[in-house]
Chemist: 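Pasting in a structure now, in structure tokens, and then I'll have a few things to ask.
This one's a predicted model, so the numbers in the text were calculated from it and none came from an experiment. One-based numbering, in listed order, for ligands and for the atoms of each. All residue numbers in this chain count up from 1 along the given sequence.
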Amino acid sequence: MKLLSVIVPCYNEEENIRDFYEELFKNTSFFDEKGIEVELIYIDDGSTDRTVEEVKKLHEQDSRVHMVSFSRNFGKEAAIYAGLQKAKGDLAVLMDADLQDPPALLPDMYAYIEQGYDSVATRRVTRKGEPPVRSFFARMFYRIMNKISKTEIVDGARDYRLMTRQVVEAILAMSEYNRFTKGIFGWVGYKTKWLEYENIERRKGETKWSFWKLFVYSLEGITAFSTVPLTVAAVMGALFCVMAFVLIIVIIVRTLIFGDPTSGWPSLVCIILLVSGVQLFCLGIVGQYLSKTYMEVKRRPIYLVKEDL
Ligand code: UDP
Ligand code: MG
């Protein structure tokens, strides 16, 4: 018998745990008919509310429900990794606890796996219910990211994705500490089918992503999947050298022809400010990569488990 593992990262989702469970198993009769068993793995990402208790209640009632609980909040990326490690299924699917990823789509997704696709991914084509400023920055991020990275990162892509065991193993093999899952999916490749749907607003509770958190996350994505900023720093340095060289010649020639009237103090200050600004900026870029490397070489575990049901 085949097994499908449903992986659900949860961070303070007490109101959604039961709703998700009910909604999911309302939509799995399709899999029963196909002879595919379903296991549901909640990954509690260090919730401070009653998430763990809610999952435990379900676990007692239903042996298909499992839980891994982290020692603290490690972030959704860590929860996804833990879920994939725990999943025993021949197939695995990642879903949000807030029902923004409709379980009703699962049969369609499975149909593509049967057709020979290795992974079926989803993207939302609208950003309905999202603040316009956030949509604007999100769009910009995807545009820049796809220009500077060889890995394809699809605009509006969700983490809602059905994968075969082979893809799961590929993702698990990428044991990096700085995990930008959207990039990792693209990086591992495999034959992927994209399904589109209109954005669905979260059922209950609040989003865990503030604008600032998303901004930092986007920078992480850039450093994790592109080294173009380093090249930009180098090119900018070279450009400024050339500029300085040309200016030196201009000034020497001018002095030889017209003598040397002492002037140009304001322009000198401007130049010093500009050049030192560019230097600090480039140093900052290098620093970003260095800090990521530093965190990576520490080889800290991606997450720590407190409870495993
Ligand atoms: N999540 C998590 N750890 C975190 C933040 C979020 O496991 O640190 C989970 C959250 O419980 C939800 C999913 O990741 O199941 C998506 O989070 P959310 O709905 O807040 O994000 P959005 O849909 O607004 O992008
Ligand atoms: Mg959500």
Chemist: Salt bridge or not for Glu196 and Arg123, using N-O below 4.0 Å?
Modeler: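 Counted as a salt bridge, because a side-chain N and a carboxylate O are separated by less than 4.0 Å.
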Chemist: Measure the acute angle between the ring planes of Tyr303 and Phe70, then classify it against the limits of 30° and 60° as parallel, tilted or perpendicular.
Modeler: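 Tyr303 vs Phe70 ring planes: parallel.
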Chemist: Determine, for Glu307 against Lys56, whether the closest basic-nitrogen to carboxylate-oxygen distance falls under 4.0 angstrom.
Modeler: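 Judged by the 4.0 Å cut-off on N to carboxylate O distance, Glu307 and Lys56 do form a salt bridge.
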Chemist: With atoms numbered from 1 as shown, which atoms in ligand 1 lie under 4.0 angstrom from a non-hydrogen atom of Cys10?
Modeler: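 Result: 7 (O), 11 (O).
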Chemist: For atom 14 (O) of ligand 1, which of the options Lys213, Lys76, Glu13, Met95 provides the nearest non-hydrogen atom?
Modeler: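 That would be Lys76.
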Chemist: Taking 4.0 angstrom as the limit and counting only heavy atoms of Ala97, give me the atoms of ligand 1 inside it, by number and element.
Modeler: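 Close to Ala97: 15 (O).
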Chemist: Provide, to 0.1 Å, the distance between atom 24 (O) of ligand 1 and the closest protein heavy atom, together with that atom's residue and name.
Modeler: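 Scanning the protein heavy atoms, the shortest distance from atom 24 (O) of ligand 1 goes to Thr207 OG1, 2.6 Å.
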Chemist: Do Ser29 and Asp32 have a side chain donor and acceptor closer than 3.5 Å?
Modeler: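 No donor-acceptor contact under 3.5 Å links the two side chains.
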Chemist: Note the single closest protein heavy atom to atom 9 (C) of ligand 1, along with its residue, its atom name and the distance in Å.
Modeler: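 Going by distance alone, atom 9 (C) of ligand 1 is nearest to Pro9 O, 3.6 Å.
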Chemist: Could you tell me, atom by atom, which parts of ligand 1 come under 4.0 Å of a heavy atom of Asp45?
Modeler: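 Close to Asp45: 2 (C), 3 (N), 4 (C), 7 (O), 8 (O).
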Chemist: For Tyr197 and Asp108, which I'm curious about, is there any donor-acceptor pair between the side chains at under 3.5 Å?
Modeler: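 The criterion, which ignores hydrogens and geometry beyond distance, is not satisfied for Asp108 and Tyr197.
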Chemist: Go through the steps for Phe141 and Phe137 under the test ring-ring contact (aromatic ring centres under 6.0 Å, His included), then give the verdict.
Modeler: CA-CA 6 Å; Phe141 166 73; Phe137 277 100; over 10 Å; no
Chemist: Can you sort out the partners of Phe180 under ring-ring contact (aromatic ring centres under 6.0 Å, His included), two or more places apart, ordered by chain and number?
Modeler: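 With neighbours one apart ignored, the set is Tyr217.
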Chemist: State, yes or no, whether a side-chain contact exists between Leu94 and Phe185 at a heavy-atom distance under 4.5 Å.
Modeler: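 In contact.
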Chemist: Asp45 side chain to Cys10 main-chain N or O, any donor-acceptor pair under 3.5 Å?
Modeler: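 No; zero donor-acceptor contacts below 3.5 Å.
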Chemist: Which heavy-atom pair separates Gly89 from Ser5 by the least distance, and what is that distance?
Modeler: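 Nearest heavy atoms, Gly89 then Ser5: N-OG, 2.9 Å.
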Chemist: What protein heavy atom sits nearest atom 1 (N) of ligand 1, and how far away is it?
Modeler: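 So the nearest neighbour among protein heavy atoms is Tyr11 CB, 3.8 Å.
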Chemist: Hey, which atoms in ligand 1 end up nearer than 4.0 Å to a heavy atom of Asp98?
Modeler: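 Near Asp98, meaning under 4.0 Å from one of its heavy atoms, ligand 1 has 19 (O), 23 (O).
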Chemist: Going only through I, L, V, M, F, W and Y residues with side-chain contacts under 4.5 Å, is there a path from Phe74 to Val55?
Modeler: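 No; Val55 is not reachable from Phe74 via cluster members.
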Chemist: Give the atom numbers and elements of ligand 1 that come within less than 4.0 Å of a heavy atom of Asp96.
Modeler: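 Counting from 1, the qualifying ligand atoms are 13 (C), 15 (O), 16 (C), 23 (O).
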Chemist: Who's the nearest protein heavy-atom neighbour of atom 18 (P) of ligand 1, and how far?
Modeler: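 Result for atom 18 (P) of ligand 1: Arg202 NH2, 3.4 Å.
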Chemist: Are the charged groups of Arg179 and Glu220 less than 4.0 angstrom apart, N to O?
Modeler: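 No.
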Chemist: For atom 17 (O) of ligand 1, which protein heavy atom lies nearest, and how many Å away is it?
Modeler: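 Ranked first by proximity to atom 17 (O) of ligand 1 is Trp209 NE1, 3.9 Å.
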Chemist: By number and element, which atoms of ligand 1 are closer than 4.0 Å to a non-hydrogen atom of Gly75?
Modeler: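 Every atom of ligand 1 under 4.0 Å from some heavy atom of Gly75: 3 (N), 8 (O).
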Chemist: Could you list the atoms of ligand 1 found under 4.0 angstrom from a heavy atom of Gln100?
Modeler: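 Heavy-atom distances to Gln100 below 4.0 Å select 19 (O), 22 (P), 23 (O).
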Chemist: May I ask you to identify the nearest protein heavy atom to atom 20 (O) of ligand 1, giving residue, atom name and distance to one decimal place in Å?
Modeler: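 So the nearest neighbour among protein heavy atoms is Lys208 N, 2.7 Å.
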Chemist: Output, by chain and residue number, all protein N/O/S atoms separated from the Mg ion (ligand 2) by less than 2.8 Å.
Modeler: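 Sorted hits: Asp98 OD2, Gln100 OE1.
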Chemist: Which bit of Asn73 gets closer than 4.0 Å to ligand 1, counting heavy atoms only: side chain, backbone, both or neither?
Modeler: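 For Asn73, the contact with ligand 1 is made by the side chain alone.
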Chemist: Could you tell me whether Lys182 and Asp159 have a side-chain N and a carboxylate O separated by less than 4.0 Å?
Modeler: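 Result for this pair is yes, salt bridge flagged.
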